[in-house]
**Q** 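Questions regarding the structure given below will be posed in turn.
Quantities reported herein were computed from a predicted structural model and do not represent experimental measurements. In what follows, every chain begins at residue 1, and chains take the letters A, B, ... in the order their sequences are listed.
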Amino acid sequence: MSQTRRDLLKKVIIGSIGATVSLDLFRFLSPAQLQAAIGDQAVRWVFLVDTTKCVGCGLCVKACKKENEVPYDVPVTRTWVERYVVTKDGRSHIDTPNGGRDGFVDKKIQGEEIRDQDINKAFFVPKLCNQCENPACVQVCPVGATYQTKDGVTLVDRKWCIGCGYCIMACPYGVRFFHPIHKVAEKCTFCYHRISKGLKPACVQACPFGARQLGNLKNPDDPVAQIIKTQRVGVLKDEYGTKPQVFYIGLDTNVR
Amino acid sequence: MGTEEMVVHGAEWTVKQLFVYPNEFIYWSVQIVMYPYMTGLVAGAFVLSSLYHVFDQKDLKDMARFSLVFSLALLPTAMMPLMFHLQQPLRGFNVLFTPHFTSAIAAFGIVFSTYAMIVVSEIWFVYRQFFVEQINELRAKNDGLSRLKFYLYQLFSLGAHDLSDEAVNKDKRAVRLLAAIGIPVACFLHGYAGFIFGSVKANALWMSPLMPVIFIMSAVVSGIALCMLTYIAIMEWKKFSTVLARGRGDESVQLIRSVEMEVVKKASRYLIGFLVAAISLELLDLIFRGYTAMKSWDILRTVMYEEDFVKIFILQYLCGNLLPFVLLLLPRLTIRRTAFALALILFGVFMMRWNVVIGGQAFSLSFAGFMHYHIPVIPHSLETYKEGVLGALTVAGTPFVLFWLINKIVPSIRYN
């Protein structure tokens, strides 16, 4: 058992080189690398919400939950509708019971009865994933399980997500959550499985008032792209530098 | 699907108030409080041992060996809370397979294992001589336990049995080098935990470039405090057993007592220094937020001064910082007073982690509502165990069990 330090080091180095060379045959591709091929470079999916048309019926939320198999009665949802009531005293009252799934049938907001004559203005704001150009959620995913497709939609690989929740924390819009069954991060995808086949997203199809529309920003003839380019539209929380791609008509300073 | 599986993560312990987005819950719960707390203790314990090995602070000699071994015992428990927290713990390895380096968490595996290798190899160099001595001593003995120990030490010695002066000196140089590399790595390991929070731009409370530095300072504070406290507990136990065996008046009892006091006094000086740095930085952060009064300040102010006032100002700053600071500075320091102050400091750093992690989720991203965290006490499912009081206690208790086990092989406490 007499062995000099030099011998030991030599053996260790030879052993580790041997192991490295043979392990090098294997290469792990992250889902982000693999899926980079997905999507059409000539398309940039964008969303247009006309808040002046929304009546808060909640059909979009219902349709979304069913289409995307998000359990109906659990309090998480890929899209939701918020109600804003600004009273004459300047306060804004905001709520979204069940994400607005069942419409807004109660005049009470956060348990407070608001009289009609006290209201200055009231409106609804649908929310969904902003499919940001510079998504904070993709940046922080430690394993590359969430990625941006070439046509601008951010998706989650349910088979690779470790469920750390960092993306949920990083999203300034609160659109992400843990799927109650799959136990991984979950979010709105603009119904990627539908739009890539030429169908409309479930919420767009379900909206009876045309408050929600999907378009391709890279197509000059696209009606949605034209509205975004020629009319006055706003986005949510642009101060975070995420470059959100859901555009709003009739956004108000009270909208959170 | 049964109803059991239909529970939304976070819904069980989150209570919402006013307007909160539907998907918002307290997703990062007590285990994410434990994570920076435990890594902080690891980093702090290591820095304490390095003060002796690198900077030749001779007064910390007794503490150095002990805190080095203790940082090894703490090491696995820096990982544990993350595994408890992951929704898909079996996929935790994915971080090593496909690290996505724009994420602050991606390098965790690499930083953590680098640090682990440094600690383990430093311990090996410190104890190599001891291993060889044990081998020589046990070689002649023939009973089962001695045989087992013999082979174990054979294995640990890695065949390096040279005990010449030259070889032993080389060991010492290696220890010094490793400890020197270890300090920045330990600070990185923990500063990095601070960066995980500090870089979340969506979170108004977390986002601050000071976060990593604050984390490092409080890490060193908590690490030194825990090492001192454990040291005191072990020395008291030794004193007590010596009193039982030889009586109160025995010379060795006096010896233990004086050694203990000496070590504790010296270590507490370093502790106070780091404590001052930690508090100054935290106050700077608070003052800066109030003075600049950005959009988020309204809701932050409500959280700090109203919702979480007791947790932040009473429990963290008063009980956890100011009180132990005064206790340690008052003249005629006693072991009992030190132990009390140390326990308060450990509690204070824990409350700081709590107020950062839970406090950062106490308000909605809408800035128009609040979330309250009700930690599960009695578990009724795996999730409420893992992310409840019992899960946190499991994590907190593990290092002591490990330390006891490791001490059977590499004894780290000597007082003669």
**Q** Of all of A:Ala185, A:Cys164, A:Gly111, which one pairs up most often with chain B through heavy atoms under 4.5 Å apart?
**A** A:Cys164

**Q** Can you tell me which portion of B:Ile196 sits under 4.5 Å from chain A's heavy atoms? Options are side chain, backbone, both or neither.
**A** both

**Q** Sort B:Gln17 into side chain, backbone, both or neither according to what part of it lies under 4.5 angstrom from a heavy atom of chain A.
**A** neither

**Q** Which region of B:Ala167, side chain (C-beta onward) or backbone (N, CA, C, O), has a non-hydrogen atom less than 4.5 Å from a non-hydrogen atom of chain A, or is it both or neither?
**A** both

**Q** Taking the six-membered ring for Trp and the full ring for Phe, Tyr or His, determine whether the centres of A:Phe124 and A:Phe104 are under 6.0 Å apart.
**A** yes

**Q** To the nearest 0.5 angstrom, please state how far the CG atom of A:Asn68 sits from the NZ atom of A:Lys187.
**A** 11.0 Å

**Q** Using only atom types and a distance under 3.5 Å, with no angle test, would you say the side chain of B:Glu387 pairs donor to acceptor with the backbone of B:Gly10?
**A** no

**Q** I need the residue from B:Asn94, B:Leu18, B:Val200, B:Thr102 with the largest number of non-hydrogen atom pairs under 4.5 Å to chain A.
**A** B:Asn94

**Q** So which residue, B:Ser199, B:Ala106, B:Pro22, ends up with the most heavy-atom pairs under 4.5 Å with chain A?
**A** B:Pro22

**Q** Give, as side chain, backbone, both or neither, the part of A:Glu112 having an atom under 4.5 angstrom from any heavy atom of chain B.
**A** neither

**Q** Taking A:Glu82 first and then A:Arg256, would you say they form a salt bridge - that is, a charged N and a carboxylate O separated by under 4.0 Å?
**A** no

**Q** Taking the six-membered ring where the residue is Trp, are the ring centres of B:Phe125 and B:Tyr127 under 6.0 Å apart?
**A** no

**Q** Chain B: which of A:Gly100, A:Gly163, A:Ser92 shares the most heavy-atom pairs with it under 4.5 Å?
**A** A:Gly163

**Q** Under a 4.5 Å heavy-atom cutoff, which of A:Ile94, A:Val74, A:Val138 has the most pairs with chain B?
**A** A:Ile94

**Q** Specify which of B:Tyr27, B:Trp28, B:Phe367 makes the most heavy-atom pairs with chain A at under 4.5 Å.
**A** B:Trp28

**Q** Once salt bridge (charged side-chain N to carboxylate O under 4.0 Å, His left out) is applied, do any residues pair with A:Lys121, and if so which ones, sequence neighbours excluded?
**A** A:Asp252

**Q** Chain B: which of A:Arg5, A:Gln110, A:Met169, A:Arg176 shares the most heavy-atom pairs with it under 4.5 Å?
**A** A:Met169

**Q** Would you mind reporting whether B:Thr39 and B:Tyr35 have side-chain heavy atoms less than 4.5 Å apart?
**A** yes

**Q** State whether a side-chain donor-acceptor pair under 3.5 Å links A:Lys159 with B:Gln88.
**A** no

**Q** Using non-hydrogen atoms and a 4.5 Å limit, figure out which bit of A:Leu8 sits close to chain B: side chain, backbone, both or neither.
**A** side chain

**Q** Which word best sums up how the rings of B:Tyr373 and B:Trp13 line up, parallel for under 30°, tilted for 30 to 60°, or perpendicular for over 60°?
**A** perpendicular

**Q** Chain B: which of A:Glu239, A:His93, A:Lys237, A:Glu186 shares the most heavy-atom pairs with it under 4.5 Å?
**A** A:Lys237

